[in-house]
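Since the structure comes first, as structure tokens, the remarks are kept for the end.
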Amino acid sequence: MSKKLPTGFPENFLWGSATAANQLEGAYNVGGKGLSSADVIPYISKENRTKDNNMEISSQTLAKVLKGELDNENYPKRYGIDFYHTYDSDLALMEEMGYKAFRISIAWSRIFPQGDELEPNEEGLKFYDDLVNSIIAHGMEPVITLSHYETPVGLTEKWNAWVDRRTIACFERFARACFERLADRVKYWLNFNEINVVLHSPFTGGGIVIDRVPEDKREQAVYQALHHEYVASALAAKALHEIRPDALMGCMLARSPAYPLRADPADILLAQQFDNINNLQFIDIFTTGEYPAFLRRMWKDKGIKIDIQYGDMEVMKLNPIQYISISYYMSYCVTTDEEANKNKQAGNIVQGVKNPYVKASDWGWAIDPLGLRVALTGLWDRYHLPIFIVENGLGAYDKLEGDKIHDDYRINYHRDHIAAMKEAIKDGVEVMGYLTWSGIDLVSMSTSEMSKRYGFIYVDLDDYCKGSGKRYKKDSFYWYQKVIKSNGEDLA
Ligand code: BGP
């Protein structure tokens with residue numbers, strides 16, 4: 001007898017929001033915390049920025065930052081929205097919206113300030129202990145990412161972080177310390193946020209200063225770093241299940257489907273290859289513990305040789321992930337047509353060609369709700385594993401009018417994406433939950449702007465960390481509250 005067709009969201013669906021330590025905690029040098037990769041990237045104003053984002057650093061600039069020679073620069077991620085001190089009242093607002101789940105990350109350098117210490121920093125652990133207790137006390141299920149763009153700079157300085165095999169043991173120690181302290185209350189874990197981003201931004205993704213690697217070996221170094229991340233993830237999953245057998249470890253991917261711009265078979269093939277390399281290879285590896293043939297072929301064609309040591313593949317194979325998680329912001333187009341390739345579109349890390357059928361955000365990111373259904377059904381067909389949407393949202397300028405923010409554009413964005421997700425569920429895709437990016441305004445990952453806002457709660461701070469820090473409920477706050485209360489049935 002076949003399974004009954006779903007008609008809507010399941011009873012235990014996890015509605016909520018997601019955050020990352022480096023974008024909201026602040027307190028970058030409090031409680032023994034060391035510097036992370038996010039703390040050394042300054043804000044560059046739009047006029048002075050040379051590209052859409054600001055996620056890389058040169059060895060020269062990093063040296064200056066560490067010597068304190070650039071202390072007069074603006075580093076919004078060091079201050080975030082001061083969540084380190086305000087989390088309890090912020091979580092009360094999330095509770096008011098009716099959240100079932102709340103995603104945080106653990107700043108690795110709060111627990112191991114340089115990254116390679118042998119013993120964890122108790123003050124850091126205590127902070128997350130209290131934070132997790134507060135999330136639970138406010139009625140939410142905690143979801144924790146181990147590594148969300150915050151590699152300790154100490155590891156970058158010692159051996160260029162993930163490029164070096166020694167980072168595996170440091171991560172395993174970090175993960176184990178987190179599990180020993182928190183896994184009794186935390187069931188849902190994620191290894192690396194948007195693991196595919198390291199291909200495009202080695203520093204943000206993996207603490208790698210790419211100019212320290214000879215130019216012709218850079219791609220190889222990134223794949224070597226990824227190999228280390230897979231082994232480390234597998235060891236972490238193993239530790240988690242030793243400590244709590246029913247806990248779930250997921251992988252996390254920035255899932256931006258690549259569309260062919262034209263029906264030309266060359267574009268169709270290119271889109272498939274783009275998807276495989278930018279997105280699907282990662283899930284293939286996390287689910288099977290093997291490197292897919294298309295990737296090995298690419299390595300061979302490019303002369304890339306990965307140092308895989310005895311036992312690596314076995315540990316990867318024995319410790320696969322239990323669920324897939326994705327961030328979904330946009331889709332993009334690819335084409336072999338040279339002329340059309342000049343019409344590039346900004347985006348969440350991966351750049352593509354502008355799609356004439358979809359609108360774009362204030363930052364030029366394609367807005368494509370149907371793409372979420374495409375992404376979900378595609379993943380389900382390939383892996384048949386539950387999927388957790390752990391990020392989806394619109395970065396927009398908001399205007400505070402009195403104490404109100406009328407953000408109908410944000411409501412429309414989420415409404416259309418939730419409707420598309422519901423259709424995917426009706427198609428048979430097992431979706432565990434939907435966490436918006438974000439519940440509360442926080443510092444932008446790619447541009448370090450505060451003015452690129454994602455929350456249902458407005459935070460009165462500007463790009464220069466100036467303002468009262470006061471929180472205001474946007475119109476979308478009340479809308480999301482209604483959505484959760486009706487378990488996704490009332491999207492009006
Ligand atoms: C994802 C990241 C988040 C986040 C979001 C929005 O890629 O996981 O950390 O910030 O994108 O991006 P941005 O803040 O650059 O607009």
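For ligands, and for the atoms within them, numbers begin at 1 and follow the listed sequence.
A cation-pi arrangement is present between R110 and F127 under the rule of less than 6.0 angstrom and at most 45 degrees off the ring axis. With a 6.0 Å cutoff to the six-membered ring centre and a 45° limit on the axis angle, K46 counts as a cation-pi contact of W363.
In this structure, S468 contributes its side chain and L461 its backbone to no donor-acceptor pair below 3.5 Å.
Here is the list of ligand 1 atoms found below 4.0 Å of a heavy atom in N193: 8 (O). Of all the atoms in ligand 1, the ones that sit under 4.0 Å from a non-hydrogen atom of S444 are 13 (P), 14 (O), 15 (O), 16 (O).
Residue Y149 has no nitrogen or oxygen atom sitting less than 3.5 Å from a nitrogen or oxygen atom of ligand 1, judged on distance alone. No N or O atom of S327 sits closer than 3.5 Å to an N or O atom of ligand 1. An N or O contact shorter than 3.5 Å is missing between T447 and ligand 1 by distance. Note: an N/O pair closer than 3.5 Å links H148 and ligand 1 by distance alone. Inclusion of V443 in the set of residues having an N or O under 3.5 Å from an N or O of ligand 1 is not warranted.
With a 4.0 Å heavy-atom cut-off, ligand 1 is reached by the side chain of Y329 but not by its N, CA, C or O. No part of A20 comes within 4.0 Å of ligand 1, judged by heavy-atom distances. By the criterion of a heavy-atom distance under 4.0 Å, neither the backbone nor the side chain of Y328 is placed next to ligand 1. Residue contacts with ligand 1, taken as heavy atom pairs separated by less than 4.0 Å, do not involve N53 at all.
Using a 30° and 60° split on the angle between ring planes, F9 and F13 fall in the tilted class, from 30° to 60°.
Counting heavy atoms from C-beta on, the side chains of L370 and H417 never come closer than 4.5 Å. With a 4.5 Å cut-off on side-chain heavy atoms, P292 and I285 count as touching.
For Y230 and F286, the distance between ring centers is under 6.0 angstrom.
The closest non-hydrogen atom to atom 2 (C) of ligand 1, taken over E449, E391, Q23, M252, comes from E391.
Side-chain contact, W189 with Q322: no donor N or O sits under 3.5 Å from an acceptor N or O.
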